[in-house]
Amino acid sequence: MQDNDSDLVSNQRKRRKRIGRIRNGIIFTITGWILLSMILIICLFAKVISMEKKIDALTVSSEAANSGNTVVNGNDKSDIPVTTEMVMETEQTAESEETWEKVTPPASGIEEADNLAKEGDVHKVYLTFDDGPSENTSAILDILAAYNVKATFFVSGREDEESAAIYQRIVAEGHTLGMHSYSNKYSVIYQSNEAFEEDYHKLQDYLEEVTGVKSQLYRFPGGSNNSISNVPMENFIHFLNKEGTTYFDWNVSAGDAASSTYTAQEIVENVKGDVVKYKTSVVLLHDGADKGTTVEAIGPLIEALQAMGAQILPIDEDTQVIQSVKAATVE
């Protein structure tokens, strides 16, 4: 009788263990499927976002090609990243027009008709880079040094040691240091007059502290005629005029704002195709962390420009100013 009871207890224990193993197996399987599904959903979502950005960039490029130029009214729309920070609060209303004290701008943009090249004219080309510094900025500086070419860098604010060293290198190697806003966040810098001015002074002061150079050159994120700002762009232009700061747009776009839209060779062709039109060409390029293709294009681009007899120069006080909204139109 005791043997039967012992066998019964043993069988019950074995049965409970089998049930426990089956239950654990089911739990692990379900958990694994849930985790796998979540990972697949996240990957799919990221892929959709990436595809949307590429489609937007291709759409902009297609529309520009149909109009015969990659630059629309001097403002490369693909330079505006498609992020949630672009979405401004609709409840906010644009600030009312202000009455300003008249200010004479330090420089104003030339008319496009006066800049059209004629046979025999020398093409002056200014390579300008937005969105740095990053590791790609260092790579571009290496290439420029190898070709003994100077350029202009419109930088944003980064306070790590590597970025500080890049700011210093830009200045030490004879390139021009310009400002592209501290945060490079549209919803921040274009929120109000005060926000723009605070961002401007924060970057200018920081660059001067790091490099000893008080930059008086600026490039508006999105260009001087962008339609993203909560505040009329004239307000910011008046402020820069008052500060004695010259802002530069561009009349030639490399098309590299979208990280993978163009190959290196296509970037070269984009620039060459427009440089031939102008006596002065301010070329929009980017040196952000995702611009590896731009790095690949710099060497071939320099060689192509030199082969056509162009002068490649850094922006200085003698540079003809390229502006979509002319500084002189805002008192």
Side-chain angles (χ1 to χ4, degrees), residues 53-82 112 115-117 121-132 134 136-137 139-140 143-144 147 149 151-154 180 219 221-226 248-315 319-320 322-324:
K53 290 183 178 181
K54 291 181 180 180
I55 290 171
D56 288 341
L58 288 171
T59 300
V60 170
S61 299
S62 176
E63 290 173 352
N66 291 336
S67 67
N69 199 333
T70 57
V71 180
V72 183
N73 295 328
N75 185 11
D76 180 4
K77 301 300 183 184
S78 64
D79 185 41
I80 302 172
V82 182
E112 183 172 358
N115 191 34
L116 295 177
D121 284 337
V122 175
H123 300 281
K124 294 184 177 182
V125 179
Y126 298 86
L127 302 180
T128 69
F129 297 89
D130 288 6
D131 296 347
S134 74
N136 284 330
T137 310
I140 290 169
I143 297 169
L144 294 174
Y147 285 93
V149 166
T152 302
F153 293 84
F154 289 101
H180 193 48
R219 172 166 285 157
S224 66
N225 67 340
N226 78 75
F248 273 80
D249 289 305
W250 56 92
N251 56 354
V252 176
S253 173
D256 66 343
S259 60
S260 58
T261 301
Y262 291 112
T263 65
Q265 185 56 39
E266 286 171 331
I267 288 174
V268 173
E269 294 302 322
N270 286 344
V271 175
K272 282 178 55 183
D274 280 341
V275 162
V276 296
K277 302 175 185 177
Y278 303 113
K279 291 181 283 188
T280 295
S281 295
V282 176
V283 182
L284 175 66
L285 295 147
H286 296 81
D287 59 331
D290 61 342
K291 304 305 178 187
T293 304
T294 302
V295 176
E296 296 173 20
I298 299 304
L301 175 58
I302 291 173
E303 293 176 4
L305 293 172
Q306 290 177 337
M308 62 184 286
Q311 295 180 358
I312 307 175
L313 304 164
I315 289 175
T319 304
Q320 291 278 14
I322 302 299
Q323 295 173 338
S324 299

Under 3.5 Å, is there a donor-acceptor pair between the side chain of D256 and the main chain of H286? yes
Minimum side-chain heavy-atom gap Y126-F248 below 4.5 Å: no
Whether D249 side chain and S324 backbone form a donor-acceptor pair below 3.5 Å: yes
Parallel, tilted or perpendicular: rings of F129 and F153 (30°, 60°): parallel
Provide the closest heavy-atom pair for A254 versus N270 in the form atom of the first, atom of the second, distance. O-ND2, 2.9 Å
Note: P221 and N226 closest approach over all heavy atoms is O-ND2, 3.6 Å
Give a yes or no on whether K272 atom NZ has more than 12 heavy-atom contacts from other residues, nucleotides or ligands under 6.0 Å away. no
When rounded to the nearest 0.5 angstrom, what distance separates CD1 in I267 from CD1 in I298? 7.5 Å
Going by heavy atoms in the side chains, are Y147 and L301 under 4.5 Å from each other? no
Minimum heavy-atom distance between L116 and K279, given as atom pair plus value: O-CE, 3.7 Å
Side chains of T128 and V282: closer than 4.5 Å at any heavy-atom pair? yes
Report yes or no: does H180 contribute a side-chain atom to a donor-acceptor pair with the main-chain N or O of R219 at less than 3.5 Å? yes
Can you tell me which residue among N136, T137, T294 is in a side chain to side chain donor-acceptor pair (under 3.5 Å) with D287? T137
Taking all non-hydrogen atoms of both residues, which atom of T261 and which atom of E266 are closest, and how far apart? O-OE1, 4.1 Å
Please report the interatomic distance CD1(I322) to CG(L284), rounded to the nearest 0.5 Å. 13.0 Å
Nearest 0.5 Å, please: how far is CG in L285 from CG in D131? 11.0 Å
Any heavy-atom pair between the side chains of L144 and I302 that's under 4.5 Å? yes
Rounded to the nearest 0.5 Å, what separation is found between the NE2 atom of H123 and the OG1 atom of T280? 10.5 Å
Distance from D290 atom CG to S134 atom OG, nearest 0.5 Å? 8.5 Å
What are the two closest non-hydrogen atoms of A264 and T293, and how far apart are they? N-CG2, 3.4 Å
pair V122-Q311: side-chain heavy atoms closer than 4.5 Å: yes
Heavy-atom distance under 4.5 Å between the side chains of K291 and I140, does that happen here? no
Does any part of the side chain of L305, heavy atoms only, come nearer than 4.5 Å to the side chain of L127, both counted from C-beta? yes
Would you compute the distance between atom CG of N251 and atom OH of Y278 and round it to the nearest 0.5 angstrom? 5.5 Å
Flag the pair T319 / T152 as yes when at least one side-chain heavy-atom distance between them is below 4.5 Å, and no otherwise. no
